[in-house]
2 protein chains.
Amino acid sequence: MPNRISDKTVARLSIYSRLLGGFRQQGKETIHSHDLALVAGVTPAQVRRDLMSVGGMGSPSKGYDVTELSESIEAFFGSQQRVNVALIGLGNIGRAILAYFHGRRPHLAIVAAFDIDSHRVDCVHNGCRCYPMHALGEIIEQQKISVGIIAVPVSAAQEVADTLVAHGIEGIMNFAPVPLRVPPNVYLEQVDITTSLETVAYFARQHTQEERR
Amino acid sequence: MPNRISDKTVARLSIYSRLLGGFRQQGKETIHSHDLALVAGVTPAQVRRDLMSVGGMGSPSKGYDVTELSESIEAFFGSQQRVNVALIGLGNIGRAILAYFHGRRPHLAIVAAFDIDSHRVDCVHNGCRCYPMHALGEIIEQQKISVGIIAVPVSAAQEVADTLVAHGIEGIMNFAPVPLRVPPNVYLEQVDITTSLETVAYFARQHTQEERR
DNA sequence: ATACTATTGTGAAATGATTCACAGCGTTAT
DNA sequence: ATAACGCTGTGAATCATTTCACAATAGTAT
Ligand SMILES: NC(=O)c1ccc[n+]([C@@H]2O[C@H](COP(=O)([O-])OP(=O)(O)OC[C@H]3O[C@@H](n4cnc5c(N)ncnc54)[C@H](O)[C@@H]3O)[C@@H](O)[C@H]2O)c1
Ligand SMILES: NC(=O)c1ccc[n+]([C@@H]2O[C@H](COP(=O)([O-])OP(=O)(O)OC[C@H]3O[C@@H](n4cnc5c(N)ncnc54)[C@H](O)[C@@H]3O)[C@@H](O)[C@H]2O)c1
């Protein structure tokens, strides 16, 4: 593969896509890199660079066609083919995520939840059934699930990851604050909220000190 | 300031700190960059680079003293001075976060929550009282709050951010999937879970295609 | 003591991401 | 028509981050 697209670019394309959806609804027909950059909080040059990845088809002095661009990015994300997601761990954060994603993106849906707690198993939250852990392999295969969200305690996270990998999962979003080991052919996204908050606290203090100078 | 420490390094230091805490508890006295790198999922060279920022005091063939290093990083994060955090929006994700951070880090605590919903106001969740929005300025000043977590709907996020900034907040962690505009002296961390999941789904599919080659 | 080994700390090189800057080109005005 | 404008697409430059590679060094064995 000659030019691989970086994860940063992919993340920004997702943001552009969401913003373009808004512009589309409010009837805006064209948009300039400058305007998209402003609302996305990036530079115009970066918008243009990123849009090259999806074959940026803008016109000078008219900018980009909102509908066309929106559809190009959707196509880039493969909206034609559905990605099914499993959620492991229906605790506080698991339930919040399930509620949040319910019915949001048609091509990207949480289709099954799993937990070891027998009180949670067999309940249906937001149109999604919770299965016992031993059903994991069977359901992943049946429902063609390719992405897993890990929302279990730290102590269980690596074991759950191993199980997911063993059943052929190709991407994992992990909320447990522990670095997971997965094979290189599985894409891993760590969402470490503790670390993020600690980083914010650190730089917040830095700013204060700089002002004092 | 000659050498500013990057946000990436700060985030990794937070991870090292947490891992070192574990090693400390289990009585490990020294650790090598290689071992810390393994559990943190980074390279040994990166660990050593990062530790230079906190004045890395390792010894050849003995490695780093776990207790000493742990305390150095804690000091780097300023554990002597408490950082007080406000949470705006006590919905699904707000409550999950409140439950999660309750009593976890002594020097970094959510001390007040805010919501416009009168049903939520005045309740106490996990030892944290929920105040009405109009009390924001007063409580921020009283409790010396310097960091805000935004967990309100997209439509209200920018307005809440502006209010926080107006009351002197210095760092914001934003869960609403919309890029916020804040002045450059306020540190902003976007936690965009939708975008993260979309990125995972994209690269998961990529991996599949590469395997097919 | 002395030699040997394994690991740190860190310049220097490599890699990756962002920004600059401008040629080329629709669009609009005249 | 033609000129003038302002924006896109992109090569090149800059900036940031990671990795390499090795001299310096503390511990260990002989
Ligand atoms: N709540 C938050 O805001 C938050 C923030 C950051 C990180 N996290 C992390 O997310 C994870 C979950 O947090 P939470 O607050 O939802 O915790 P929780 O205790 O409310 O939920 C954990 C769930 O996982 C289930 N579980 C435990 N072991 C399991 C296993 N082996 N297999 C399957 N399910 C299992 C439990 O039954 C429970 O339902 C933790 O690792 C936590 O550190 C949570
Ligand atoms: N739940 C998730 O897993 C999840 C994931 C990613 C992002 N988010 C984002 O986090 C935010 C909150 O999500 P949620 O699921 O908790 O939603 P929610 O509707 O459950 O909670 C929102 C809360 O904010 C309060 N609120 C609304 N307007 C307000 C205002 N102007 N000032 C103060 N409080 C106000 C509401 O009363 C409510 O309690 C949303 O922007 C959502 O997109 C949530």
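In what follows, chains carry the letters A, B, and so on, assigned in the order in which the sequence lines appear, proteins first and then strands, with residues in each chain numbered from 1.
- Exactly one of A/I140, A/V147, A/V85 qualifies for a side-chain contact (heavy atoms from CB on, under 4.5 Å) with A/I169. That residue is A/I140.
- A salt bridge links A/E198 with B/R105: the distance from a Lys NZ or Arg NE/NH1/NH2 to an Asp or Glu carboxylate oxygen falls below 4.0 Å.
- A cation-pi arrangement is absent between A/R12 and A/Y16 under the rule of less than 6.0 angstrom and at most 45 degrees off the ring axis.
- Rounded to whole angstrom, the span from the NE2 atom of B/H32 across to the P atom of C/dG9 amounts to 12 Å.
- A side-chain donor-acceptor contact under 3.5 Å links B/Q190 and B/N174.
- Sorted by residue number, the members of residues 57-73 of chain A with any non-hydrogen atom under 4.0 Å from DNA chain D read A/M57, A/G58, A/S59, A/P60, A/S61, A/G63, A/Y64.
- In this structure, the CG atom of A/L51 is 16 Å from the P atom of D/dC7, given to the nearest Å.
- We find that NE2 of B/H34 is positioned 17 Å from C1' of D/dA21, with the value rounded to whole Å.
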Tabulate atom names and distances for all N/O pairs under 3.5 angstrom spanning the protein and nucleotides 13-20 of chain C.
| residue | atom | partner | partner atom | Å |
| --- | --- | --- | --- | --- |
| C/dT18 | OP1 | A/R12 | NH1 | 3.2 |
| C/dT18 | OP2 | A/R12 | NH2 | 3.0 |
| C/dT18 | OP2 | A/Q46 | NE2 | 3.2 |
| C/dT18 | O5' | A/Q46 | NE2 | 3.3 |
| C/dT19 | OP2 | A/T43 | OG1 | 3.0 |
| C/dT19 | O4 | A/R49 | NE | 3.1 |
| C/dT19 | O4 | A/R49 | NH2 | 3.4 |

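- A donor atom on one side chain and an acceptor atom on the other are found under 3.5 Å apart for B/Y100 and A/T194.
- In this entry the distance linking CZ of B/R4 with P of D/dT17 reads 10 Å, nearest Å.
- In this structure, B/D35 atom CG and C/dA6 atom P are separated by 14 Å, rounded to whole Å.
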